[in-house]
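Okay, so here's the structure we're looking at.
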Amino acid sequence: MTETEKNRVEGGTLYLVATPIGNLSDLSSRAVKILTEVDFLCAEDTRVTSKLLSSLGITKSMVPYHDNNRHEKGPYIVRRLLEGESCALVSDAGTPAVSDPGEDLVRDCIEAGVPVTSVPGACAAITALTLSGMNTRRFAFEGFLEGRVSDRKAALERIRTDIRTQIFYEAPHRLTDTLALFSEVLGDDRRIALCRELTKLNEEVLRMTVGEAAAYYAENEPRGEYVVVVEGYTAKASEQFWAEMTVEEHVAYYMEKAEMKKMDAIKAAAKDRGVSKSDLYKQLL
């Protein structure tokens, strides 16, 4: 397939078009072409998308698609696609369908046999992860912590001993409450990166501990939407989660929780126990 063929708008196709998270220059030329040529757009907030289109000199029919109307609008959009129209799905900023109601529309289209393709671009979660200075080899995206305080606390309890880097989204008015939960469940000494205004003029990344972040925002009002990156669990000598585990259970923990291959899990378990990998392997045999 040639570059021209890949960039050609196909009827009956849903295009997932990533939009800038702050800097308009991050919008690709392919994304502009798709936005210009599709028959209509699906937008989480048409007012936000209208400003983007206006800056690009694009006039386009839009269908609002958000949490409150997705069950009503989903079948309508799929029907238009099945009739041969092309559609671009966009979120207010970043990659659609990531912590976004668009994931339901993608699922509806797949189930109906409608082709779905992506026009990649900016993603706040990945941008923040790369700026955090933390382990990027293994990470988990948690998005917004949902529900009551007890629900959010339970969600953190489930990942407390997860060794992967964790990525959260948070609104400014909830940030101090979330930091308090981090402190209670994850501990004050867990490293954290708080990222805001990403790709904008006033981009800020604060790298500190949970305890330091709680103290900082007790004195400074949170402003803007945040991506919060939290380091994975690291066992301390006084906090050996594996103390009551058999060797088999210890290795299985890393294979399941951290999705490691068996030899990597054996190496991690051996490091925890202060023995060589070969000695631990012999114990397993």
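Values below: every heavy atom of this structure, side chains too, minus hydrogens, waters and symmetry copies.
- Cluster membership check: Val98 shares its hydrophobic cluster with Leu198, using side-chain heavy-atom separations under 4.5 Å among Ile, Leu, Val, Met, Phe, Trp and Tyr.
- The nearest pair of heavy atoms linking Leu81 to Cys109 is CD1-SG, 3.7 Å.
- Atom SG of Cys87 is separated from atom CG of Leu105 by 7.0 Å, given to the nearest 0.5 angstrom.
- Closest of all the heavy-atom pairs between Pro172 and Gly224 is CD-O, 3.3 Å.
- Using a 4.0 Å cut-off between charged side-chain N and carboxylate O, Asp264 and Lys267 make no salt bridge.
- Taking CG of Leu16 as the start and CD of Glu103 as the end, the distance is 12.0 Å to the nearest 0.5 Å.
- Side-chain N or O atoms of Thr130 include one that pairs as donor or acceptor with a backbone N or O of Ile126 at under 3.5 Å.
- The shortest distance between side-chain heavy atoms of Met134 and Leu129 does not fall below 4.5 Å.
- Listed by first and then second residue, the side-chain hydrogen bond (donor to acceptor under 3.5 Å, both in side chains) pairs that reach into residues 216-226 are Tyr217-Tyr226, sequence neighbours excluded.
- Tested against Phe168 for a ring-ring contact (aromatic ring centres under 6.0 Å, His included), the candidates Phe182, Phe144, Phe141 yield a single pass: Phe182.
- Of all heavy-atom pairs spanning Ala128 and Cys195, the tightest one is CB-SG, 3.7 Å.
- Here the CG atom belonging to Leu284 is positioned 11.0 Å from the NE2 atom belonging to His250, to the nearest 0.5 angstrom.
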I'd like to know whether Val230 forms a side chain to side chain contact (heavy atoms under 4.5 Å, CB included) with Leu186, so could you lay out the CA-CA distance, the side-chain angles of the two residues, the decisive distance to 0.1 Å, and finally the verdict. CA-CA 10 Å; Val230 183; Leu186 305 180; 4.0 Å; yes
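- Counting only heavy atoms from C-beta outward, the side chains of Tyr233 and Arg190 approach each other to under 4.5 Å.
- With hydrogens and angles left out, the side-chain atoms of Thr209 and Asp189 include no donor and acceptor closer than 3.5 Å.
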Derivation and outcome, side chain to side chain contact (heavy atoms under 4.5 Å, CB included), residues Leu89 and Leu14: CA-CA 7 Å; Leu89 171 68; Leu14 177 69; 4.0 Å; yes
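- Inter-residue side-chain proximity for Val228 and Ile167 is flagged as unmet; no heavy-atom pair is nearer than 4.5 Å.
- Counted by atom type alone, Asp39 and Ser86 present one or more donor-acceptor pairs between their side chains at under 3.5 Å.
- Hydrophobic clustering, with ILVMFWY side chains joined whenever heavy atoms are under 4.5 angstrom apart, keeps Val205 apart from Ile192.
- The distance from atom NZ of Lys153 to atom CD of Glu184, rounded to the nearest 0.5 Å, is 3.5 Å.
- Going from atom CD1 of Ile34 over to atom OG1 of Thr117 covers 8.5 Å, rounded to the nearest 0.5 Å.
- Looking at Thr13 and Val116, their side chains never come closer than 4.5 Å, going by heavy atoms from C-beta outward.
- Heavy-atom minimum distance, Ser91 versus Glu44: CB-OE1, 4.0 Å.
- The main-chain N or O of Ala43 is never found under 3.5 Å from a side-chain atom of Thr46 such that the two would form a donor-acceptor pair.
- In this structure, Glu231 contributes its side chain and Arg191 its backbone to a donor-acceptor pair below 3.5 Å.
- In this structure a side-chain-to-backbone donor-acceptor pair under 3.5 Å is present from Thr199 to Asn23.
- Of the N and O atoms on the side chains of Asn69 and Tyr76, not one donor lies less than 3.5 Å from an acceptor on the other residue.
- Taking 4.5 Å as the limit, every side-chain heavy atom of Val251 sits out of range of all side-chain heavy atoms of Met260.
- The same ILVMFWY cluster, assembled from side-chain heavy atoms under 4.5 Å apart, contains both Val227 and Phe139.
- Here the closest heavy-atom approach between residue Ala112 and residue Leu82 is recorded as O-CD2, 3.8 Å.
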Passes salt bridge (charged side-chain N to carboxylate O under 4.0 Å, His left out), Asp151 versus Arg148? Steps please. CA-CA 5 Å; Asp151 297 325; Arg148 299 169 297 179; 3.5 Å; yes
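- Looking only at distances, a side-chain donor or acceptor of Arg174 sits under 3.5 Å from a matching main-chain atom of Leu145.
- Side chain of Asp162 to main chain of Ile159: no donor-acceptor pair is present (N/O by atom type, distance under 3.5 Å, no hydrogens or angles).
- One finds the OH atom of Tyr254 at 5.5 Å from the CD1 atom of Ile163 (value rounded to the nearest 0.5 Å).
- Inter-residue side-chain proximity for Arg30 and Pro120 is flagged as met; some heavy-atom pair is nearer than 4.5 Å.
- Val185 and Val210 fall within the same hydrophobic cluster, where Ile, Leu, Val, Met, Phe, Trp and Tyr residues are linked whenever their side-chain heavy atoms come under 4.5 Å apart, directly or through other members.
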Report, one line per pair, each donor and acceptor closer than 3.5 Å where one atom sits in a side chain of residues 52-62; sequence neighbours left out.
{"unit_1": "Ser55", "atom_1": "OG", "unit_2": "Leu52", "atom_2": "O", "d": "2.6"}
{"unit_1": "Lys60", "atom_1": "NZ", "unit_2": "Thr36", "atom_2": "O", "d": "2.7"}
{"unit_1": "Lys60", "atom_1": "NZ", "unit_2": "Val38", "atom_2": "O", "d": "2.8"}

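- Shown here for Ile266 and Lys277, the closest heavy-atom pair between the two residues is CG2-CG, 3.7 Å.
- Using a 4.0 Å cut-off between charged side-chain N and carboxylate O, Glu85 and Arg80 make a salt bridge.
- Residues Tyr15 and Ser118 bring no donor and acceptor atom of their side chains to less than 3.5 Å of each other.
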Thr165/Asn135 under side-chain hydrogen bond (donor to acceptor under 3.5 Å, both in side chains): CA gap, chis, key distance, verdict: CA-CA 6 Å; Thr165 302; Asn135 187 347; 5.2 Å; no
Check against side chain to side chain contact (heavy atoms under 4.5 Å, CB included), Leu206 and Glu204: CA-CA 6 Å; Leu206 299 179; Glu204 180 180 55; 3.9 Å; yes
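- There is a path of hydrophobic side-chain contacts, each under 4.5 Å, that joins Phe40 to Val78.
- Counted by atom type alone, Thr178 and Arg152 present one or more donor-acceptor pairs between their side chains at under 3.5 Å.
- Residues forming a ring pair (Phe, Tyr, Trp, His ring centres under 6.0 Å) with His66 (at least two apart in sequence, or on another chain): none.
- Using a 4.0 Å cut-off between charged nitrogen and carboxylate oxygen, Lys33 and Glu37 count as a salt-bridge pair.
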Give the intermediate values and the outcome of side-chain hydrogen bond (donor to acceptor under 3.5 Å, both in side chains) for residues Tyr281 and Ser276. CA-CA 9 Å; Tyr281 186 70; Ser276 70; over 6 Å; no
Could you give me the CA-CA distance, side-chain angles and deciding distance for Val90 and Leu35, then say whether side chain to side chain contact (heavy atoms under 4.5 Å, CB included) is met? CA-CA 9 Å; Val90 298; Leu35 293 175; 4.0 Å; yes
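- Side-chain atoms of Glu249 come within 3.5 Å of backbone atoms of Thr246 as a donor-acceptor pair (strictly under, hydrogens ignored).
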